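Both ligands and their constituent atoms are indexed starting at 1 by order of listing. The shown structure was predicted, so the numbers you read here are calculated from the model rather than taken from an experiment. Throughout, residue positions are numbered sequentially from 1 according to the sequence presented.
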Amino acid sequence: MRPGSYTYLTAAEWDARIRALDRLALACELCPRSCGVERRAGARGFCGAPAELVISSIFAHHGEEPPISGTGGSGTVFFTHCTLKCVFCQNYQISHEQEGRVFAETELAEKMLGLQAQGCHNINLVTPTHYLPGVVRALKRAAGDGLTLPVVYNCGGYERVETIDLLEGIVDIWLPDMKYGADAPAQRYSKAPDYVAVNRAAVRRMFRQVGPLRCDASGIAERGLCIRHLVLPNGQSASTELLAFLKSAFDPEDISISLMAQYRPMFRAAGFPEIREPVAVAEYEAVKRAFIDAGFGGFYQDPDAMDGSFCIDFTCRKEEPLTGR
Ligand code: SF4
């Protein structure tokens, strides 16, 4: 079995990272919102997360990109609350409606080991940033008890470079969104007027840390960066501007894109006329063609994904099933 990079961290290195993350969480500045609230004293910031870990579900996910889900599934941990809270969130039950329950760090570590025993290819942390000190403590414990799977960091791409640096050697595969190529929709839908600059700096840092996506002989991801982009209707994801940035910043051969057609007008999207409908097939196909023509490889959803089959009902996952779906 492949030894994960974090299995080479010494106890002192783990503890130094955890101390640094604890300091960032004290008057919370784990994410770019830098709310400055004392979550350990019961205060809540923009994300709404408490100091304890709150998790919606843990299971073997078979719907991620092929090198992430493989045949055994991706050992996915969906953390409750979010630092972006988009009005159209496809996982709004956990990001906005707080679906989930408190987990002890020891329990999360045991669940990670259970996913490994079940045959999952990786540990896939979905929106973990607001819980990072507890998540890294759980990873340290699991690594000490035999966890060797690659760690996937699956996030909205709204991350501080300081936080990314503290995860060097712990995260193997960065899987960030690049949600918007312009700040106006980032402000309108995610209350993040600085999203573009923050997101671009974060993705550059992630790439510097892990490089291009690399897979083993059977096509399972081991290390690297893969960028997700969900195409919104009526140009609202500013995909043209995003593509222009990617072409200027990277060699297309180095970057794996996961282009998603699966947008559904969920949660509060009905209140925004321009994103009230799924993306038109012709619009999605034009974005897809532009990325492919620019030389970006990766994973391109078919417009069939617009049928809603990729959406998960988290209210059905109050306990953490460890079986595939
Ligand atoms: S993690 Fe939450 S509380 Fe901390 S800075 Fe970000 S939004 Fe604010």
When the side chains of residues 288-296 are checked against the rest of the protein, which donor-acceptor pairs come out under 3.5 Å, sequence neighbours left out?
residue: Arg289; atom: NH1; partner: Asp293; partner atom: OD1; Å: 3.1

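Ligand-side atoms of ligand 1 in range of Ser34: 5 (S), range being under 4.0 angstrom from any heavy atom.
Looking only at distances, no side-chain donor or acceptor of Asn91 sits under 3.5 Å from a matching main-chain atom of Ile94. Of the possible polar contacts, none joining the Asn234 side chain to the Gln236 backbone as a donor-acceptor pair under 3.5 Å is found.
Contact annotation for Ala25 and ligand 1: no heavy atom of the residue comes within less than 4.0 Å of the ligand.
The shortest side-chain heavy-atom distance between Phe250 and Phe245 falls under the 4.5 Å cut-off. Lys85 places none of its side-chain heavy atoms less than 4.5 Å from the side chain of Tyr189.
Listed by chain and number, the protein N, O or S atoms at a distance under 2.8 Å from atom 2 (Fe) of ligand 1 are Cys47 SG.
With respect to the salt-bridge test (charged N to carboxylate O, under 4.0 angstrom), the residues Glu65 and Arg228 qualify. The pair Asp22-Arg137 counts as a salt bridge, with a side-chain nitrogen and a carboxylate oxygen less than 4.0 angstrom apart.
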